[in-house]
Amino acid sequence: MASGQSAETMQKIVSLAKRRGFVFQSSEIYGGLKSAYDYGPLGAELKRNLMNEWWRSMVHEREDVVGLDASIVMHPKVWQASGHLAGFSDPLVDCLVSKERFRADKAPRPEVGESLIIRCPDKGLAKSYQAQIEERFGVTLERKGTELHGLTLIDNATFSFGTGDDAQTFPYRGYVSPLIGSPFLSDERQFNLMFRTQMGAVDTIGQLSSFIEANPELKGRELTSAIDALIKESAVYLRPETAQAMFVQFANVQQSMSMKVPFGIAQMGKSFRNEITTEHFIFRSCEFEQMEMEFFVEPGTQAEWLEYWRSKRLEWWKSFANHPERFRTREHDADELAHYADCCYDVEYDYPWGWDELEGIASRTDYDLKKHMEHSGAKLSYFDPQKQDPETGKNGWRYTPYVIEPAAGATRGVLVYLVDAYREETVTDAKGNDSTRVVLGLHPRLAPIKAAVLPLVKKDGMPEVARKIVNSLLSKGMNARYDEQHAIGKRYRRHDEAGTPFCVTVDGESLSDQAVTVRDRDSMNQERVAIDKVDVYLEEKLSV
Ligand code: GAP
């Protein structure tokens, strides 16, 4: 495996995430909701810290970017203009044998003349699939271990069982199911990735029943399209990306803040996609958070700005990493490019399953602003009085800005840093016994708890001193936690797993020497620090 982390480690990270309160399965007590996750006390802090760092670097540290916090539900015409209503849909198919549901456009496409072998997960299923096919399609495939043989792809529209005059033929859809390679498939159905809901006091069910009663002649596809049209009248959608509001509000933001091109609008928040395949824990889920910025530039300058943001974003991700070598950028091939982009890079991470996307940095041309002008009639262009119009040669140039869009996943970023920070070390105690220390080496700025304050024992004035230190750290804005549960060694290990960079221990000497021991999570070195200097000491160490 290319990554420094194995699939087995991924399992350990998922279980640590639950054990230490980073990520829980949503609605777990009811059996869980597929691909929905809750961020627990430490996960909420980690996600918030990551998003705050993004905001700091994209908005607060720059004069040319301003923020936006738009509503999740927008006018449905936004999604018509952006192409999400028409194009943000996948053709879905069911395998009639294994019941697997998959995307037709991603399915394997065997060559004409090839044998279509159905490969079953085990011998029991091979028997059961063989019987099902016999019953439903009237052909008995030959079973060889876990494989079913006897089908051949005749041409692009037909496959057969047997040869010659006795051959039985079946319509072929152009692909087979990814899991077992079966050509016995349902019709394709379009499936929109946007979550649809209704806005206002609309009795959709009542409307639909009256409509169906009034039109008994409508059946099948006709009935489906009529119902679809009816529902669309009051339908609104949960945004599938945060990006569109920044195009729609381009003129308002530019004018209210007197922004001059080049400038950017940044937004972070929830997005929703009814993903068919949800995978790898929080990597791909239906509800997730994004951190996106639309950077508006003069036409013709997009290539240099794309390069600027490509390198800036890659460096940003690396700056919090334990393993910067696990981050890279990859340029999209021509056939991967979205229809609106003239070039695109992905920031990729070397996950336990290999290199995969973390952020997309697209050169989106003037596609979005032009589409919204076309659909809304609003003017979303920009006038630069200092520039000459390249067409007329006159002073003053009105143009539609081009856009560079760094679009990152915040929840995916949480996964990346959990994977990146996880490590196991062998440590030897004073008696020479080895044990495994699990550490989340999170960057101090991302770490949920900055310092744990631990009285060595729960008596002799130690808890009181510890509480005083916690209060002084909290008053300085550092998320500190008082912890007196279990023996000191166990507490250290607990905070190593939680990614807490420092443990401050109040011991028997503290009352007399007015000092405490500060233990560094990574080196495990311990330093004696005066109680009244602990806050300054930690402030310095934490703002690395
Ligand atoms: N506005 C462009 C846009 O949304 P995208 O590549 O579809 O582009 C950007 O999404 C980022 O959002 C991705 O790189 C990924 O980090 C994150 N993302 C997209 N879909 C996701 C999902 N289903 N679950 C978690 N993160 C997702």
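In each ligand, atom 1 is the first atom listed, and ligand 1 is the first ligand listed.
Here the side chain of R196 pairs no donor or acceptor atom with the backbone of L238 at under 3.5 angstrom. At distances below 3.5 Å, at least one donor-acceptor pair connects side-chain atoms of N322 with backbone N or O atoms of G441. A donor-acceptor pair under 3.5 Å is absent between the side-chain atoms of T301 and the main chain of V297, judged by distance alone.
Looking at ligand 1, you'll find an N or O of R273 within less than 3.5 Å of one of its N or O atoms. When only interatomic distances are considered, the shortest N/O to N/O separation between G409 and ligand 1 falls below 3.5 Å. For the pair E292 and ligand 1, the shortest N or O to N or O distance falls below 3.5 Å. Taking any N or O of Y340, backbone or side chain, none lies under 3.5 Å from an N or O belonging to ligand 1.
Closest heavy-atom approach to atom 24 (N) of ligand 1 among the candidates P240, S285, S271, S35: S285.
Of the N and O atoms on the side chains of D420 and Y349, at least one donor lies less than 3.5 Å from an acceptor on the other residue. Between the side chains of T365 and D342, no donor-acceptor pair is found at a separation under 3.5 Å.
Checked against a 6.0 Å centroid threshold, the rings of F295 and W305 count as neighbours.
With salt bridges taken as basic N to acidic carboxylate O contacts below 4.0 Å, one links R494 and D483. In this structure, E298 pairs ionically with K387, as a charged nitrogen and a carboxylate oxygen lie closer than 4.0 Å.
Closest to atom 26 (N) of ligand 1 among all protein heavy atoms lies F288 CD1, 3.4 Å. For atom 25 (C) of ligand 1, the nearest non-hydrogen atom of the protein is F283 O, 3.1 Å. For atom 12 (O) of ligand 1, the nearest protein heavy atom (residue, atom name, distance) is Q290 NE2, 3.2 Å. Of the protein's non-hydrogen atoms, the one nearest atom 11 (C) of ligand 1 is A407 O, 3.6 Å. Summary of contacts: the protein heavy atom closest to atom 13 (C) of ligand 1 is E357 OE2, 3.2 Å.
Partners of F250 by ring pair (Phe, Tyr, Trp, His ring centres under 6.0 Å), not counting sequence neighbours, listed by chain and number: F263, F296.
Residue-level proximity to ligand 1 for L358 is carried by the backbone, the only part with a heavy atom below 4.0 angstrom. Under 4.0 angstrom from ligand 1, the non-hydrogen atoms of E359 all belong to its backbone. Here R364 has side-chain heavy atoms under 4.0 Å from ligand 1, and that is the only part of it that gets that close.
Taking every non-hydrogen atom of A243 and a distance limit under 4.0 Å, the qualifying atoms of ligand 1 come out as 1 (N). Near E405, with a cut-off below 4.0 Å to any heavy atom, the atoms of ligand 1 are 1 (N), 2 (C).
Taking both residues in full, the closest heavy atoms of Q198 and T204 are given as CG-OG1, 3.4 Å, listed atom of the first, atom of the second, then distance.
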